[in-house]
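Quick notes on the structure that follows.
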Amino acid sequence: MFRAIRHLSTVSAMRLADVVIIGGGPAGLTLASALKASRSTSQLKVELIEGGKLLEGLREFGNSPPEDITNRVVSLTPATVNYLEKIGVWDFIRYERIEEYDNILAYDGVTNSRIEFEHVGIATMCENLNLQSALLAKIEDLGESGCPLDIHDSTKVVGIDSAGNGWPVVELDNGERIQTRLLVGADGFNSPVRKFAGIESRGWSYNRWGIVATLNFKVDSFRQITGWQRFLPSGPIALLPLPNDMASLVWSTTPELANVLLKLSEEKFAAMINAAMKLDPEEMKYLYKLAEEDDNSLVDSISWRLSLFNNKLQPEQHELYPLEIESLVPGSRAKFPLKMSHADTYVGPRIALVGDAAHTTHPLAGQGLNMGQADVQSLVNCIETATERGLDIGSTLALEPYFSERWPINNAMLGVVDKLHKLFSTDFTPVVMARSFGLDVLNTVPFVKDFLVDRMSSK
Ligand SMILES: Cc1cc2nc3c(=O)[nH]c(=O)nc-3n(C[C@H](O)[C@H](O)[C@H](O)COP(=O)(O)OP(=O)(O)OC[C@H]3O[C@@H](n4cnc5c(N)ncnc54)[C@H](O)[C@@H]3O)c2cc1C
């Protein structure tokens with residue numbers, strides 16, 4: 001008797017969906033938005049489940065964003081922006097908070113060899129919140145035009161099981177259960193969907209933290225809007241342009257140095273950024289020691305060293321370095337562990353993985369989120385094709401082309417980024433000389449640079 005009642009109550013709490021997306025990060029929201037924007041798939045019953053508190057914050061950002069740029073900012077490739085335009089999301093972006101730029105200048109912290117990439121609109125800096133808020137606004141707009149989508153935030157997936165018919169059943173922490181034709185894991189690095197599907201993910205930790213912050217430039221003269229990246233032996237430091245003379249910092253460094261840097265006051269941290277963009281790695285070693293042991297004289301020591309450095313520059317050489325940082329947006333520092341991982345496959349019976357659930361990469365090339373956007377585009381194409389041909393959207397036949405298209409491209413990108421990280425994380429003289437020679441030569445061969453820009457822009 002007890003069993004029968006339990007069974008009945010379970011059945012009554014179960015609902016059906018065509019697609020359940022776990023994760024309301026950039027990948028999950030883009031997938032939801034693209035499915036609802038497509039004529040072929042707009043009538044599918046789609047539900048999105050997000051464990052964090054998402055909707056209120058994104059709506060608030062959309063209605064009255066904070067004055068300062070927030071600290072999670074990504075560099076979007078032209079391919080990503082084109083896709084967001086195509087599915088109608090870009091119309092909802094707050095343009096006054098993005099920065100498109102045409103120049104990237106990368107230089108070796110040991111030898112100062114450099115390479116410059118120039119291309120109109122090479123990348124667009126955009127806050128994660130701006131992107132996610134635009135995605136939500138588009139989804140809500142589509143909902144008002146008759147293509148509704150259920151988003152449940154503050155709702156965690158606590159279990160995934162298989163029903164008798166082989167369809168995945170997602171169990172939520174509020175006791176609800178959803179049986180779905182296709183379950184998509186857009187649920188980040190620790191992906192519960194990937195674990196449920198028994199898909200292996202291989203990779204390693206870089207033993208590096210990525211410190212992010214929002215910065216204010218000291219503006220004393222006009223500079224071209226440029227993305228700067230300096231490769232130090234402990235990891236690259238990048239200053240990427242934001243509107244209103246601000247910049248986004250991504251400083252990849254060892255856990256030990258990250259601890260030292262994050263204990264500094266914001267004023268001293270800003271001084272260390274200026275030092276790291278110009279001074280010799282040996283001087284940096286001395287400054288890290290000073291920062292750790294007696295940071296009272298740190299700012300003066302950096303000012304003195306930088307004035308010596310700047311005085312030695314010819315007037316035209318000042319353009320070879322970024323403007324100095326004046327201050328940090330208060331409280332904008334944060335750190336993230338950096339790792340490389342790649343799932344063995346992105347699909348299984350009634351399962352697909354997109355974004356960080358499928359792969360994670362070092363941020364030095366700004367590709368992680370962009371790869372996830374390209375995954376979504378490819379998966380949506382497959383679901384559209386299956387729907388148009390009357391195929392089961394959860395079948396391997398429908399999903400396999402997504403895996404075949406995206407896995408090799410992502411694998412190549414992960415490999416290139418991993419090798420770049422390794423190549424630049426050493427001060428072993430022969431390697432340093434070889435890489436500097438390579439950079440100098442590459443910098444003089446326009447067609448090779450154009451090829452690299454095309455690859456990095458995901459063209
Ligand atoms: C320092 C740094 C700088 C970066 N810079 C760039 C850049 O310039 N360009 C670029 O392209 N990429 C960049 N990246 C990478 C980019 O941030 C990520 O690739 C991207 O945010 C991943 O998005 P996602 O939607 O796949 O995953 P996530 O953003 O991780 O979203 C996953 C979501 O799933 C939810 N979730 C997980 N488990 C559950 C559960 N059980 N139940 C319900 N919900 C769940 C989580 O709450 C989360 O919201 C950077 C990364 C770092 C660390």
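We count ligands from 1, going down the list as the structure has it; atoms in each ligand are counted the same way.
Using a distance-only test at 3.5 Å, with no hydrogens or angles considered, no donor-acceptor pair links the side chain of T360 to the main chain of D356. Under the 3.5 Å distance criterion, the side-chain polar atoms of T80 are left unmatched by any main-chain donor or acceptor of L76. At least one donor-acceptor pair under 3.5 Å links the side chain of R94 to the backbone N or O of G62. Between the side chain of D161 and the backbone N or O of V169 there is no donor-acceptor pair closer than 3.5 Å.
The single protein non-hydrogen atom nearest to atom 15 (C) of ligand 1 is L369 N, 3.9 Å, given as residue, atom name and distance. Regarding atom 42 (N) of ligand 1, its nearest protein heavy-atom neighbour is V157 N, 3.0 Å. Looking only at protein heavy atoms, the nearest one to atom 17 (O) of ligand 1 is R72 NH2, 3.4 Å. Ranking protein heavy atoms by distance to atom 13 (C) of ligand 1, first place goes to V74 CG1, 3.6 Å. Of the protein's heavy atoms, G51 N, 2.9 Å lies nearest to atom 44 (N) of ligand 1. Scanning all protein heavy atoms for the shortest distance to atom 1 (C) of ligand 1 gives V212 CG1, 3.6 Å. Among all protein heavy atoms, the one lying closest to atom 26 (O) of ligand 1 is D356 N, 2.9 Å. At the top of the distance list for atom 25 (O) of ligand 1, counting protein heavy atoms only, stands A27 N, 2.9 Å.
Cation-pi contact between R333 and F269: present, with separation from the ring centre below 6.0 Å and deviation from the ring axis of at most 45°. Under a cutoff of 6.0 Å and an axis angle of 45°, R114 and Y321 form a cation-pi pair. For the pair K339 and F189, the cation sits on the ring face: its NZ or CZ lies under 6.0 Å from the ring centre, inside 45° of the axis.
Residue-ligand proximity, G23 to ligand 1, at heavy-atom distances under 4.0 Å covers atoms 33 (C), 34 (O), 35 (C). Atoms of ligand 1 found under 4.0 Å from any heavy atom of F336 (numbered from 1 in listed order, with element): 53 (C). For ligand 1, the atoms closer than 4.0 angstrom to any heavy atom of K156 are 42 (N). Under a 4.0 Å criterion applied to the non-hydrogen atoms of Q367, ligand 1 contributes the atoms 10 (C), 11 (O). Here is the list of ligand 1 atoms found below 4.0 Å of a heavy atom in G355: 26 (O). Of all the atoms in ligand 1, the ones that sit under 4.0 Å from a non-hydrogen atom of E50 are 33 (C), 34 (O), 35 (C), 43 (C), 44 (N), 46 (C), 47 (O), 48 (C), 49 (O). Shown in contact with T155 at under 4.0 Å from a heavy atom are these atoms of ligand 1, numbered in order with element: 43 (C).
Checked by atom type, the side-chain pair N71/E127 shows no donor-acceptor distance below 3.5 Å.
In P363, the part holding a heavy atom less than 4.0 Å from any atom of ligand 1 is the side chain. The residue S191 has no part lying near ligand 1, judged by heavy-atom distances below 4.0 Å.
One finds a salt bridge joining R202 and D344 here, because a Lys/Arg side-chain nitrogen approaches an Asp/Glu carboxylate oxygen to under 4.0 Å.
Heavy atoms of G372 stay at 4.0 angstrom or farther from ligand 1.
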- For the pair W407 and H359, evaluate ring-ring contact (aromatic ring centres under 6.0 Å, His included) and give the outcome as yes or no after the intermediate values. CA-CA 9 Å; W407 196 91; H359 43 72; over 10 Å; no
Could you list the donor-acceptor pairs under 3.5 angstrom formed by side chains in residues 19-37, with sequence neighbours left out?
residue	atom	partner	partner atom	Å
T30	OG1	P26	O	2.6
T30	OG1	Q373	OE1	3.3
T30	OG1	Q373	NE2	3.1
K36	NZ	S42	O	2.8
K36	NZ	L44	O	2.7
K36	NZ	P148	O	3.1

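Backbone and side-chain nitrogen or oxygen atoms of G366 are examined, and one is located within less than 3.5 angstrom of a nitrogen or oxygen of ligand 1.
Under the 4.5 Å side-chain criterion, counting only non-hydrogen atoms from C-beta, V417 is in contact with M413.
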